[in-house]
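Letters A, B, ... mirror the listed sequences (proteins, then strands); counts begin at 1. Treat the numbers as computed from the prediction; the structure is a model and nothing was measured.
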Amino acid sequence: MSLENKQISSENTSNFKPLIVAFCCNWCSYAGADLAGTSRLNYPANVKIIKVPCSCRVNPNFVLRAFQRGADGVVIAGCHPGDCHYTSGNYYTRRRFTLMKNLLEYVGLEPERFKVDWISAGEGNKFAAVMNEALEQVHKLGPNRKLRDARWKR
Amino acid sequence: MGRMKIIPDAKKKELQQILEISGENVKDCMQCGKCTAGCPASSSMDILPHQVIRLLQLGQLDKVANSQTIWSCASCFTCTTRCPRNIDLAKLMEAVRLTIIRSKGSSRLKADDVPGKIDPKMPQQAIVSGFRKYNK
Amino acid sequence: MQRIGVFVCWCGTNIAGTVDIDQVKQAAEKIPGVVNVQDYQYMCSEVGQNLIKNAIKEQKLDRVVIASCSPRMHEATFRKAAKSAGLNPYLVEIANIREQCSWVHKNKEEATEKAIALVRAAVAKATLNTELVPGEIGVEPRALEIGGGIAGIQTALDIAEAGYKVDIIEKTPSIGGKMAQIDKTFPTLDCSACILTPKMVDASTHPNINLYTYSEVEAVQGYVGNFEVTIRQKARSVNADKCTGCGICTDKCPSKKAESEFDEGLRKRGAIYIPFPQAVPNVPVIDREECLKFKTGKCGLCERVCPSGAIEFNQEDTLVTQKYGAIVVATGYDLINLDKFGEYPYTEHPDVITSLEFERLTSAAGPTAGKFLRPSNGNKPKKVVFVQCVGSRDKSSRGKTYCSKICCMYTAKHAMLIKEKYPEIEVYVFYIDVRTPGKNFDEFQRRAVEEYGVNYIKGMVGKVFPEGDKLQVHGVDALSSETLIIDADMVVLAAATKAKDDAQELGRKLSISTDANNFFTEAHPKLRPVETHSAGIYLAGACQGPKDIPETVAQSSAAAAKAIGLLNKGKLVNNPCVSQVDEQICSGCLACTKMCPYEAISSQVIEVKEQGKIVKKTVAHVNEALCQGCGGCTVTCRAGALDLKGFMNRQILAEVDAICL
Amino acid sequence: MKFSYYPGCTLKTKAQELEKFALNSAAALGVELEEQKEWQCCGAVYPLAEDEIGTKLSSVRALAEAAQKNEKLITLCAACHHVIKRVNEDMKTKDDVKNKVNNYLQLAQDYQGEAEVIHYLEMLRDEIGFDKLAEKVTNPLTNRKIGAYYGCLLLRPAETMNFDDPENPSIIEEFIKALGATPVKYPYRTECCGGYLSLDNKELAQEMTDNIMKSALKNEVEELVTACPLCKYNLENKNGKIAISYFTELLAEALGVKE
């Protein structure tokens with residue numbers, strides 16, 4: 001086993017606390033997250049939400065920045081296609097991040113670390129489920145090392 | 001008290017098996033009776049088609065399994081085509097039949113009985129169908 | 001350096017039970033720029049708000065971060081408090097440590113850690129917040145009503161009575177809608193026309209109401225308070241100003257092959273026709289598909305007989321553009337097509353009819369002058385079978401999953417109407433469930449059974465076989481578990497209701513959404529039932545979901561109240577979180593203009609100094625009144641010249657950084 | 001026009017006329033029906049159980065062969081048509097069935113429902129056209145009042161079979177019209193004849209066919225046609241008043257190729 005691998009595995013077994021940054025649109029997914037709260041649906045505390053007016057406000061730069069700063073996973077959540085508060089914003093999100101996902105995969109990032117999903121204001125349970133699933137996958141993968149800026153200490 | 005019925009414990013396992021074999025969900029049924037209203041074979045059924053679903057909803061599988069109804073069903077799919085709830089009752093009937101004939105020695109049609117049931121004009125199709133429907 | 005105040009709310013034990021408030025406070029104090037940190041049990045209470053206000057004044061705070069419940073809950077409260085203390089309300093940020101922290105996490109240590117991260121992110125964003133001032137937009141004091149049925153008429157009358165101008169757009173040649181076709185109404189059995197026609201006349205004579213009949217919405221632009229609607233007035237081929245409504249043309253028209261829409265195809269009408277005698281306006285229209293003049297060039301009889309020279313064959317569609325402050329959508333419903341229900345031979349047999357056709361057959365103004373006769377042979381029927389839920393509550397591809405809501409009541413009405421006129425006719429009603437909630441509704445249905453002797457049978461009809469001159473109805477009585485055969489003379493089908501086929505298209509024009517069944521979606525199913533997600537556009541009647549007349553009228557008046565409330569404001573404050581263009585960076589590629597769903601971005605030519613010379617340059621320009629602040633354009637912008645106020649790139653990046661610490 | 005052709009077992013024994021007249025007529029119409037080399041019995045009834053795979057294999061073999069030849073698969077017997085068409089639908093839409101069948105069969109190429117199954121009547125309607133067929137009729141069946149008996153298997157379930165309106169079909173009536181005869185619509189023409197019940201519950205099957213025959217008689221049907229050997233057997237069993245024949249016999253007669 002190479003030194004690097006050893007290091008990774010030791011880090012994996014030690015208490016790896018993944019960080020997931022979730023960009024949630026104000027009208028559906030942020031409200032869905034609130035509903036998960038009012039319904040007391042548990043999901044791990046490692047998920048942290050940033051509110052944006054619409055999922056189409058999320059610039060791919062934001063995603064890269066999160067990975068650069070050491071986030072282990074990034075989730076973008078918007079209204080279901082067809083239900084966008086701004087009529088068509090989430091269609092742009094869908095297209096933009098389909099490309100983005102390909103790009104991230106191309107540069108070597110595990111595709112499971114990044115996902116776009118649709119969560120309506122009524123889907124508190126889906127919110128919790130999506131976050132739990134994202135965390136579970138990131139847990140399996142271990143810390144994000146590929147896109148992380150080594151100078152940035154989390 | 002004689003008429004009072006105590007609903008027996010639902011036979012969950014067997015019922016689940018029927019739902020799996022048929023792929024149908026009996027909960028969707030609203031008991032409108034459209035299946036019965038159009039069933040061409042209902043005259044020789046002791047339990048009517050919509051009652052079959054009702055009994056399955058209640059978990060009373062034995063009543064269905066012991067009925068004449070399941071053997072009177074000709075799988076003509078009239079009920080299937082008309083059901084407003086998208087339930088394929090023909091599949092449910094088949095599933096109940098299968099739970100019976102799939103157990104060892106329970107085939108309804110034995111090879112030895114066939115000669116007595118056929119006549120020279122009867123097409124092969126009838127015999128093959130019969131074997132598929134009544135025998136495992 | 002900013003002077004930021006952080007206020008941590010306990011929310012009783014809602015937050016304090018899971019989050020260690022002291023640790024959050026200590027961590028907040030260490031964040032650069034934070035000069036004051038306080039906590040309180042209920043920050044949203046008056047005491048809590050005063051705490052914030054005082055701190056703003058005494059500590060000269062220029063940014064405020066409140067760690068509390070979701071901003072969807074109390075952001076407005078805290079912004080108001082800040083404003084009253086002299087701080088621009090957009091300098092307030094909320095860290096959501098209740099719904100998104102204390103309520104979803106159990107481990108106190110982890111929850112506290114997360115709460116600190118959320119406070120850190122909110123402070124990081126607040127540091128970069130700028131003062132924002134919402135603009136004001138005027139409100140055009142005129143409303144548009146799309147659809148001229150009872151819903152549209154009621155809304156228009158209410159708005160007009162409040163003193164505002166209203167235009168009604170009606171697709172067909174006359175207002176009145178479905179209610180005009182109905183014979184009697186439940187649960188009172190009063191004559192539908194008697195209560196509707198006065199309202200139709202009121203609408204046409206009201207000084208504040210203007211009718212656009214035989215017209216459709218062509219295009220909608222603009223936004224709340226300032227909609228700009230283009231209306232297509234289809235060519236009537238009759239000059240409405242000259243026409244006196246004498247009716248000679250409709251009598252003389254030699255082409256009488258078209259099926260009357262008003263009489264549901266039970267009667268023929270001419271190519272030039274007035275849909276029904278009480279039509280408003282009482283002006284005929286030429287159906288160009290049917291008219292011999294248009295088809296063959298020969299005829300023109302109507303033109304020759306018209307005493308006032310009102311026939312104008314060369315009329316063309318005209319487009320009118322008008323500004324409106326509010327729009328009410330009241331386009332109504334239709335019945336589903338029964339082609340796929342072959343077991344009820346509706347398309348095959350004239351004695352199998354829909355309930356709407358039944359209305360025409362019993363109406364005194366209908367094709368049989370109110371005599372209830374079999375369409376096939378004109379004889380009086382002996383047995384009539386009603387089938388409810390034809391396509392309603394139907395999960396298969398040919399039906400609708402919802403309950404059409406009105407059928408149980410109108411079927412009971414139909415049954416009673418028959419029994420009242422002809423007690424000797426036997427009436428059977430097949431039903432799955434009888435659903436009659438509503439004032440005096442259940443009593444009404446029971447009367448059909450108890451007083452009129454209508455035979456209600458719980459069960460469905462499997463198939464109707466035409467046999468000789470009878471209709472053999474094969475049904476089931478599920479309660480007695482007996483199969484039945486009824487030799488009926490007529491079968492009446494309660495066909496499911498459906499949204500208008502063009503609802504989606506209209507929804508797209510208006511930017512309002514439709515649900516899976518194409519009914520328009522209200523903003524909130526309980527609390528905002530007449531509003532849509534698009535400000536200034538309201539819903540009335542069955543276009544939002546199946547409804548009976550009383551409910552439709554109630555919702556129409558509610559929509560009118562909302563519209564009046566808006567028109568009455570005169571001015572609106574708009575969302576200041578809109579896009580802005582950095583004209584120095586903008587390359588003028590205008591990709592943003594194509595992306596914007598509100599057409600809020602246009603191009604403009606500006607003059608800039610470049611190397612000492614003044615040159616002209618094309619740049620993007622954001623109309624702040626139109627921009628809704630989705631921010632999609634900021635990502636489209638290749639140069640990064642567009643940014644969204646309140647959610648600027650550097651603000652969001654600061655949040656990301658703060659969270660990833 | 002060339003098609004793969006699946007005959008089925010009954011057509012080789014008790015229902016030879018159904019096939020003979022179909023093949024004669026096809027030749028007269030310039031249609032080549034190439035019988036599949038190693039077809040196996042379809043099983044006569046479609047296996048309704050979700051967990052049955054083995055009973056679907058023979059249909060898939062026939063389908064895969066047609067797909068490999070890139071030909072539409074023509075059926076003649078209503079039962080075979082029903083079984084093969086529904087199995088094909090399963091192969092298109094049910095991943096579980098598709099995977100298990102392909103795992104078992106190990107065909108050169110996995111079969112995923114590519115083949116198109118059409119019944120001989122559909123071939124006449126959609127590939128040739130009833131108007132074209134009418135032109136080829138040399139011996140029009142004028143003045144004959146013929147009723148169509150559809151039965152269940154061609155029509156239902158409607159969405160999968162996609163054959164005609166399941167409650168009010170018209171394809172056989174149009175076919176009868178094309179041959180120069182007068183089609184008579186009678187209400188019970190889509191009701192079930194009892195099918196395989198005649199094996200185990202003769203009384204019930206009898207009752208069901210009686211209802212159909214009564215309805216036909218009442219509407220003055222003089223002869224009946226069908227596409228199903230079992231329907232023909234059941235209808236013939238008791239009745240003597242109305243002649244029952246396969247639709248192909250009429251076709252051959254009208255085209256002048258009977259015998």
S.K.: I'd like to know which of C:Glu110, C:Glu655, C:Gln100 tops the heavy-atom pair count under 4.5 Å against chain A.
M.R.: C:Gln100
S.K.: Using atom types as modelled and distance alone, determine if a side-chain donor or acceptor of C:Thr521 lies under 3.5 Å from a backbone N or O of C:Ser513.
M.R.: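 Pair found, side chain donor or acceptor close to backbone of C:Ser513.
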S.K.: I'd like to know whether C:Gln628 forms a side chain to side chain donor-acceptor pair (under 3.5 Å) with C:Asn575, so could you lay out the CA-CA distance, the side-chain angles of the two residues, the decisive distance to 0.1 Å, and finally the verdict.
M.R.: CA-CA 7 Å; C:Gln628 300 291 306; C:Asn575 170 20; over 6 Å; no
S.K.: Please identify, among C:Gly629, C:Gly646, C:Ser511, the residue contributing the most non-hydrogen atom pairs under 4.5 Å to chain A.
M.R.: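 Highest number of heavy-atom pairs under 4.5 Å: C:Gly629.
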S.K.: Using a 3.5 Å distance criterion without hydrogens, assess whether the side chain of A:Lys48 forms a donor-acceptor pair with backbone atoms of C:Lys114.
M.R.: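 Checked: no pair found.
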S.K.: Side chain, backbone, both or neither: which part of C:Ser102 has an atom under 4.5 Å from a heavy atom of chain A?
M.R.: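 Neither; nothing under 4.5 Å.
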S.K.: Which one wins on heavy-atom pair count under 4.5 Å against chain C: A:Ile49, A:Asn42, A:Asn59?
M.R.: A:Asn42
S.K.: State, without any angle test, whether C:Asn574 and C:Tyr223 hold a side-chain donor-acceptor pair at a distance under 3.5 Å.
M.R.: no
S.K.: Check whether C:Ala121 gets within reach of chain A through its side chain, its backbone, both or neither, counting any heavy atom under 4.5 Å.
M.R.: neither
S.K.: Are A:Lys140 and A:Glu110 close enough for a salt bridge, meaning some N to O gap below 4.0 Å?
M.R.: no
S.K.: Which of the residues A:Ser39, A:Pro53, A:Ala66, A:Cys54 is involved in the greatest number of heavy-atom pairs with chain C at under 4.5 angstrom?
M.R.: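 If we count pairs closer than 4.5 Å to chain C, A:Pro53 comes out on top.
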S.K.: Which bit of A:Ala128 is near chain C, if near means a heavy-atom gap under 4.5 Å: side chain, backbone, both or neither?
M.R.: neither
S.K.: Quick check: closest heavy atoms across C:Ile97 and C:Cys9, and the distance to 0.1 Å?
M.R.: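 Looking at all heavy atoms of both residues, the closest pair is CD1-O, 4.4 Å.
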S.K.: Within the structure provided, determine whether A:Arg65 and C:Asp657 are in side-chain contact (heavy-atom separation under 4.5 Å).
M.R.: yes
S.K.: For the interface with chain C, which of A:Gly89, A:Ser88, A:Ala36, A:Pro44 has the highest count of heavy-atom pairs at distances below 4.5 Å?
M.R.: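 Most heavy-atom pairs within the cutoff with chain C belong to A:Pro44.
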S.K.: So, does C:Thr18 use its side chain to make a donor-acceptor pair with the main chain of C:Lys106 at under 3.5 Å?
M.R.: no
S.K.: Can you tell me which portion of C:Asn14 sits under 4.5 Å from chain A's heavy atoms? Options are side chain, backbone, both or neither.
M.R.: side chain
S.K.: What part of A:Tyr30 gets closer than 4.5 Å to chain C, counting heavy atoms only: side chain, backbone, both or neither?
M.R.: both
S.K.: Is C:Met595 in contact with chain A via its backbone, its side chain, both, or neither, using a 4.5 Å heavy-atom distance?
M.R.: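 Both parts, backbone and side chain.
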S.K.: Between C:Phe647 and C:Lys125, is there a cation-pi geometry (under 6.0 Å to ring centre, at most 45° from the normal)?
M.R.: yes
S.K.: What part of C:Asp515 gets closer than 4.5 Å to chain A, counting heavy atoms only: side chain, backbone, both or neither?
M.R.: neither
S.K.: Can you tell me which portion of C:Asn649 sits under 4.5 Å from chain A's heavy atoms? Options are side chain, backbone, both or neither.
M.R.: both
S.K.: Counting only heavy atoms closer than 4.5 Å, note whether A:Phe62 contacts chain C via side chain, backbone, both or neither.
M.R.: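 Both the backbone and the side chain of A:Phe62 come within 4.5 Å of chain C.
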S.K.: Please report the C-alpha distance between A:Lys115 and A:Glu133 in whole Å, then the side-chain angles of each, then the deciding distance to 0.1 Å, and finally whether the salt bridge (Lys or Arg N to Asp or Glu O under 4.0 Å) criterion is met.
M.R.: CA-CA 11 Å; A:Lys115 81 191 282 182; A:Glu133 194 197 315; 3.6 Å; yes
S.K.: Quick one: of C:Gly632, C:Cys69, C:Cys630, who has the most non-hydrogen atom pairs under 4.5 Å with chain A?
M.R.: C:Cys630
S.K.: Heavy-atom distance under 4.5 Å to chain C: side chain of A:Val21, backbone, both or neither?
M.R.: side chain
